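In this text the structure is predicted, and so the values were computed from the model without any measurement. No hydrogens, no waters, no symmetry mates; every other heavy atom, side chains included, goes into these values.
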Amino acid sequence: MKFPFSAWGEGTFLAVQTAIIAVLVLHFGGSSLKAVSFLSFYIGLVSALVSGYTPKDVLWSMQAVNVPIIVMAKAIQVITNYKNGSTGQLSAVTCMLLFGGSIARIFTSIQETGDFIIILTYCVSTVANAALVLQLFWYWNVDKSSKNKNKKKKKRT
């Protein structure tokens, strides 16, 4: 689509990092053959997708699939936090940076791409990250001993 590097570069680096982590997990899990197979498949798939032969409708659909994935992933965390009555060891700094970054990406996507689905993806991500940030503040000073007592009472009944 001839978007500037700043519009898609972040995704490229995240994809490379994710592939490296997956390969390392497979390799150190004792499956070096699976690691090599995964890496070969991944490189082949990405090469096919960026070659220019993949129809734009397919690429758009793949981008659109990110929206429900983001919602489900963050909803799992939000629900878990709610059930636990705490955010556990969730990093406040990371949550705040993800929230701030997703806000910034909305504006940069509007300015650099104007692509509706990319902007929607970052809007949904911002709302989901906002829910986690709100939970961080809500559960900030929760008394862990009273929370554990409530859990024990629930288990007995």
If Ile, Leu, Val, Met, Phe, Trp and Tyr residues are connected whenever their side-chain heavy atoms lie under 4.5 Å apart, and connections chain through other members, are I76 and V71 in the same group?
no

Has T121 got a side-chain atom pairing as donor or acceptor with I117's backbone, closer than 3.5 angstrom?
yes

Mind checking the CZ-OG spacing from R105 to S125? Nearest 0.5 Å is all I need.
10.5 Å

Among residues two or more places apart or on two chains, list those pairs meeting ring-ring contact (aromatic ring centres under 6.0 Å, His included) that have a residue in residues 38-94.
F38-Y42

Find out if a path of hydrophobic residues (ILVMFWY) with successive side-chain heavy-atom gaps under 4.5 Å connects I69 to I118.
no

Is it the case that the side chain of Q135 and the backbone of V78 share a donor-acceptor pair, with hydrogens and angles ignored and the cut-off at 3.5 Å?
yes

Give a yes or no on whether the backbone of A48 and the side-chain of S51 come within a donor-acceptor separation of less than 3.5 Å.
yes

Identify the two heavy atoms, one from H27 and one from A35, that lie closest to each other, and give their separation to 0.1 Å.
N-CB, 3.9 Å

Nearest 0.5 Å please: distance from the CG atom of L134 over to the SG atom of C95.
11.0 Å

According to a 4.5 Å side-chain heavy-atom criterion applied to Ile, Leu, Val, Met, Phe, Trp and Tyr, with indirect links allowed, do F116 and I119 form part of one hydrophobic cluster?
yes

Could you state whether V46 and V16 fall into the same hydrophobic cluster, counting links through intermediate Ile, Leu, Val, Met, Phe, Trp or Tyr residues with side-chain heavy atoms under 4.5 angstrom apart?
no

Checking the side chain of N84 only, and the main-chain atoms of S86 only, is there a donor and an acceptor separated by less than 3.5 Å?
no

Of all heavy-atom pairs between I106 and T126, which one has the smallest distance, and what is that distance?
CD1-OG1, 3.3 Å

Rounded to the nearest 0.5 Å, what's the gap from CE on M62 to OG1 on T54? Could you check?
8.0 Å

Members sharing F99's hydrophobic cluster (side chains within less than 4.5 Å)
M96, I103, F107, V133, F137

Linking I/L/V/M/F/W/Y whenever their side-chain heavy atoms sit closer than 4.5 Å, directly or via other members, would I70 and Y122 fall into one cluster?
yes

Measure the spacing between CD1 of I79 and NZ of K74 and express it to the nearest 0.5 Å.
14.0 Å

Given L132, which of T94, T87, N81 fulfils the side-chain contact (heavy atoms from CB on, under 4.5 Å) condition?
N81

Are D115 and S109 packed together at the side-chain level, in the sense that at least one heavy-atom pair is separated by less than 4.5 angstrom?
no

Less than 4.5 Å apart, side chain to side chain, heavy atoms only: is that true for Q111 and T108?
no

Interatomic distance, S91 atom OG to L136 atom CG [nearest 0.5 angstrom]
8.0 Å

Expected output: side-chain S31 to main-chain K34 donor-acceptor under 3.5 Å:
no

